[in-house]
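What follows is a set of notes on a single structure, which appears directly below.
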Protein chains: 2
Amino acid sequence: MIRHIVLFTWTEEATDEQKARVVTELGKLPGQIPQLRSYTAGADVGVNQGTWDFAVVADFDNVDDYLVYRDDPGHQAVIAEHIKPIVAGRAAVQMSV
Amino acid sequence: MIRHIVLFTWTEEATDEQKARVVTELGKLPGQIPQLRSYTAGADVGVNQGTWDFAVVADFDNVDDYLVYRDDPGHQAVIAEHIKPIVAGRAAVQMSV
């Protein structure tokens with residue numbers, strides 16, 4: 001299985017509405033991309049200081065299925081319209097599990 | 001459930017042996033910390049450019065169980081002896097799933 005992980009920090013100017021919209025829009029993707037085996041997206045809960053703001057963890061059967069998700073037009077639209085406008089930092093890893 | 005996610009970049013000087021040792025040492029933790037419900041740790045597989053080097057995803061029933069892991073002496077020893085010497089960058093999020 002391939003696990004795709006992305007962490008984000010948001011800009012200082014990002015509003016709560018914009019941040020919530022990212023959750024809403026990403027939450028639609030599992031219904032649109034059947035290759036997604038498991039999908040969790042959400043904000044840092046504030047247990048520790050110095051953490052980043054938001055995480056996405058997506059599981060796929062194989063790399064090809066991950067690439068379908070990565071390049072999916074609906075996913076790309078969420079990135080372009082809702083994530084990029086408020087992103088300050090991004091860190092990603094694809095790992096084999 | 002609480003999901004703890006950490007991404008790392010390693011220093012240029014980090015050896016393959018040092019990186020492999022991190023996997024080995026972290027892999028012992030599920031047998032030592034019963035609060036861990038799920039644990040995956042591994043290197044980026046190289047599908048994309050610009051990714052970070054290594055990821056850890058750990059699931060717990062609740063925040064208190066995560067804190068047991070975070071503060072566990074065996075875990076802290078792995079961080080001090082095997083991770084900190086080769087870490088260049090670290091990004092973490094704790095999310096509710």
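Here is the naming used below: chain letters follow the sequence lines, and residue numbers restart at 1 for every chain.
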Exercise for the section: State plainly whether one hydrophobic cluster holds both A/Y39 and A/V23, where clusters connect Ile, Leu, Val, Met, Phe, Trp and Tyr through side-chain heavy atoms under 4.5 angstrom apart. Expected result: yes
Handout entry: Side chain, backbone, both or neither of A/F54 within contact of chain B (heavy atoms, under 4.5 Å)
Key = backbone
Practice task
Against chain A, work out which of B/A92, B/S96, B/G42 has the most heavy-atom pairs shorter than 4.5 Å and name it.
Solution key: B/A92
Handout entry: Part of B/R70 lying under 4.5 Å from any heavy atom of chain A
Key = side chain
Problem - CD on A/Q94 to CG on B/N48, rounded to 0.5 Å - result: 4.5 Å
Practice task
Determine, using the 4.5 Å side-chain heavy-atom cutoff (strictly less than), whether A/V6 and A/F60 are members of one ILVMFWY cluster.
Solution key: yes
Problem - Structural part of B/A43 lying under 4.5 Å from a heavy atom of chain A - result: backbone
Practice task
Please flag which part of A/R3 lies under 4.5 Å from any non-hydrogen atom of chain B: side chain, backbone, both or neither.
Solution key: side chain
Problem - Hphob cluster co-occupancy, A/I2 + A/V57, side-chain heavy atoms under 4.5 angstrom - result: no
Exercise for the section: Determine, using the 4.5 Å side-chain heavy-atom cutoff (strictly less than), whether B/W52 and A/I83 are members of one ILVMFWY cluster. Expected result: no
Completion exercise
Okay, A/D53 and chain B: the region with an atom under 4.5 Å from a heavy atom over there is backbone
Practice task
Check whether B/L29 and B/Y66 end up in the same hydrophobic cluster, where Ile, Leu, Val, Met, Phe, Trp and Tyr are linked by side-chain heavy atoms less than 4.5 Å apart.
Solution key: yes
Handout entry: Rounded distance (nearest 0.5 Å) linking atom CG of A/L7 with atom CE of B/M95
Key = 9.5 Å
Handout entry: chain B contact via A/A91 - which portion, at a heavy-atom distance below 4.5 Å
Key = both
Problem - OG1 on A/T40 to CG on B/D59, rounded to 0.5 Å - result: 8.0 Å
Exercise for the section: Under 4.5 Å, counting heavy-atom pairs only, tell me which of A/V93, A/V97, A/T51 racks up the most with chain B. Expected result: A/V93
